[in-house]
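When reading the values below, keep in mind they use all heavy atoms of this one structure, side chains included, and skip hydrogens, waters and symmetry mates.
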Amino acid sequence: MEKRRREDAPLSAPNAEGNVWPKQVCPAFEPRADTPEGMRQCWYCRCADFHLDKPRSLDVGVCYWPRKILK
């Protein structure tokens with residue numbers, strides 16, 4: 001069985017105003033328009049801010065659920 005890092009484990013609820021790692025996901029996941037089919041990770045969530053609209057993205061993002069950051 002593959003060992004999973006704590007940072008990649010699914011969340012039981014949104015970590016609002018807290019850190020989120022790219023491969024995490026929670027029940028409130030809302031995909032952005034450019035999300036690959038079937039991909040459920042905070043990196044692709046509308047509520048997570050990884051500074052994807054900036055010249056350099058973040059390794060660790062911030063969850064702003066329920067506010068939408070990117071479409």
Side-chain angles (χ1 to χ4, degrees):
M1 183 166 188
E2 181 182 326
K3 280 187 136 181
R4 194 177 248 187
R5 298 179 323 151
R6 178 185 62 85
E7 294 88 356
D8 296 337
L11 300 166
S12 59
N15 191 21
E17 302 297 324
N19 290 340
V20 288
W21 282 258
K23 293 183 180 179
Q24 284 184 312
V25 69
C26 81
F29 174 79
E30 291 188 45
R32 295 190 313 266
D34 63 345
T35 302
E37 184 72 31
M39 184 64 69
R40 292 182 50 86
Q41 297 178 352
C42 286
W43 182 264
Y44 296 103
C45 184
R46 292 180 180 186
C47 301
D49 186 5
F50 285 92
H51 287 189
L52 300 179
D53 57 342
K54 308 279 193 271
R56 185 174 173 144
S57 63
L58 300 173
D59 291 332
V60 177
V62 177
C63 176
Y64 287 110
W65 182 85
R67 188 167 54 111
K68 310 299 182 281
I69 302 303
L70 295 173
K71 299 283 182 205

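- Of all the heavy atoms in Cys63 and Val20, the pair that sits closest is CB-CG1, 3.8 Å.
- Listed by first and then second residue, the side-chain hydrogen bond (donor to acceptor under 3.5 Å, both in side chains) pairs involving residues 9-18 amount to none (not counting sequence neighbours).
- Of all non-hydrogen atoms in Met39 and Phe29, the two that sit nearest each other are O-CZ, 3.5 Å.
- Taking every heavy atom of both residues into account, Asn19 and Gln24 meet most closely at O-OE1, 4.4 Å.
- Residues meeting the salt bridge (Lys or Arg N to Asp or Glu O under 4.0 Å) test with Arg32, sequence neighbours left out: Asp34.
- Identified under the side-chain hydrogen bond (donor to acceptor under 3.5 Å, both in side chains) test for residues 57-69, with sequence neighbours left out: Glu30-Lys68.
- When hydrophobic side chains of Ile, Leu, Val, Met, Phe, Trp and Tyr are connected at separations under 4.5 Å, Trp21 ends up clustered with Val60.
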Enumerate, atom names and distances included, each donor-acceptor pair closer than 3.5 Å involving a side-chain atom of residues 43-55, sequence neighbours excluded.
residue : atom : partner : partner atom : Å
Arg46   : NE   : Pro31   : O            : 2.8
Asp49   : OD1  : His51   : N            : 2.9

